[in-house]
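Numbers here simply count residues along the sequence, with the first being 1. Ligands are counted one by one from 1 in listed order, and the atoms in each one are counted from 1 as well.
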Amino acid sequence: MADAIQFYEPKERYGFLSNFSLHSIVIDGVTWPTVEHYYQSSKFLAADIIARIHHAATPEQAFKVSRQYSKQVRPDWNNIKETVMMRGLRCKFHQHHPLAHWLVATETQPIVEHSFSDAYWGDGGDGHGKNRLGQLLMALRDELKNKHPYKLIRYVDAAQLPTQFGVFTMHGFIQSDNNVEHLALTYGKLDVTKPALIRLHSECLTGDALYSLRCDCGFQLQKSLETIVSHGSGALLYLRQEGRGIGLLNKIRAYHLQDKGADTVEANERLGFAADMREYHFCEGMLHYLEIDKVKLMTNNPRKVQALCIAGINVVERVPLQEGHNIHNENYLETKSRKLRHMFSKEDDFSLS
Ligand SMILES: Nc1nc(O)c(N)c(N[C@@H]2O[C@H](COP(=O)(O)O)[C@@H](O)[C@H]2O)n1
Ligand SMILES: [Zn+2]
């Protein structure tokens, strides 16, 4: 098969697909170090054998211990092993969101466990094997890809992004309903038990990259990255929503109208757009990938707070982000406050509880 994904060793590119990958799973309240520990233990009924495999130091050890008791495998094992395997896989990919998104990102590529020693779960090395593990993984992929939130975005790839503030990891996504590319920059180790410090930053080329004083975006971007680094961890979702969703060239048209006296809302409306055309539903998919479900959100924009609440994200705190006010953007910011309800003072704030 030309474009098949072949996996075997956990350390290889698609190693996350291996049952030996170091991703623990919880099943019926019991934590298993890997799927392999769970699968091998499930072959037996004797508690002492199960315990020996459960506490094996590595998945390789779990496999070896299991082989020592091959004569004591439960008599119905062949009838239940596929159900056991699928249960272990479902737990692994549901309990480790990035793995599920990586699996869905393989799209329609065939998945093959390239194992010379296993012609049942693997391909037997030369393709004569049944590849049942690959088949189950493809079946699980089909289950996930049509489910929320996997339908919202497609994870593409990630890379290191050294910046003047610190080294971030840059994660690339494609929004499923319009093919727009978006980024998430993460810093440090996100503790899933605590609210993550995050920023939803809408792309503003003029502010973010051209040092514009007409708005506060570039100042907010810098402050957000600095704050995340000094906090020790966090995420900035960089959303390709230039011009409050109308695009760069229409933003220039809007600026031209503002040069002639319109405010930022009037300008959008004279061009035939709503005051704010942005959507945020896909952010749920990005945050799901990052395993973030409760946040301290750096923003002055009530619509961003509302969007995350609608997406089921627990916004435990709004962190004001009032940066870069100057004579060139004071009318713009005043209009955002008056017409778009941006919160620039403590009185504007509201209880999120
Ligand atoms: N349409 C439009 N008209 C203007 O006058 C603008 N300054 C912008 N800027 C865009 O607004 C977004 C940032 O606003 P928030 O603070 O996130 O609400 C960003 O998309 C800029 O390009 N747009
Ligand atoms: Zn801007």
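Among all protein heavy atoms, the one lying closest to atom 1 (N) of ligand 1 is Asn268 OD1, 2.9 Å. In terms of protein heavy atoms, atom 11 (O) of ligand 1 is closest to Arg244 CG, 3.2 Å. Considering only non-hydrogen protein atoms, atom 16 (O) of ligand 1 sits nearest to Lys336 NZ, 2.7 Å. Shortest contact from atom 17 (O) of ligand 1 to any protein heavy atom: Lys304 NZ, 2.7 Å.
Every atom of ligand 1 is numbered from 1 in the order shown, and the set under 4.0 Å from a heavy atom of Ser202 is 17 (O), 19 (C), 20 (O). Listed by number with element, the atoms of ligand 1 under 4.0 Å from a non-hydrogen atom of Ile246 are 1 (N).
Here the two rings, on His288 and Tyr150, have centers that are under 6.0 Å apart.
Separation of atoms CZ (Arg318) and CG (Asn300) is listed at 5.5 Å; rounding is to 0.5 Å. Residue Ser21 holds its OG atom at 9.5 Å from CZ of Phe7, rounded to the nearest 0.5 Å.
Put simply, no part of Arg303 is less than 4.0 Å from ligand 1, judged by heavy atoms. In this structure, Tyr255 counts as a contact residue of ligand 1, since one of its heavy atoms falls inside 4.0 Å of the ligand.
Between Phe282 and His182, the ring planes are parallel. Angles under 30° get that label, and only those over 60° would be called perpendicular. The aromatic rings of His114 and Phe116 sit perpendicular, their planes meeting at an angle over 60°, well past the 30° parallel limit.
Using a 4.0 Å cut-off between a side-chain N of Lys or Arg and a carboxylate O of Asp or Glu, Arg154 and Glu107 qualify as a salt bridge. Between Arg214 and Asp259, at least one side-chain N (NZ, or NE/NH1/NH2) sits under 4.0 Å from a carboxylate O, which counts as a salt bridge.
Among Arg253, Arg278, Glu242, Glu266, the residue whose heavy atom lies nearest to atom 12 (C) of ligand 1 is Arg278.
Under 4.0 Å from ligand 1, not a single heavy atom of Ala267 appears.
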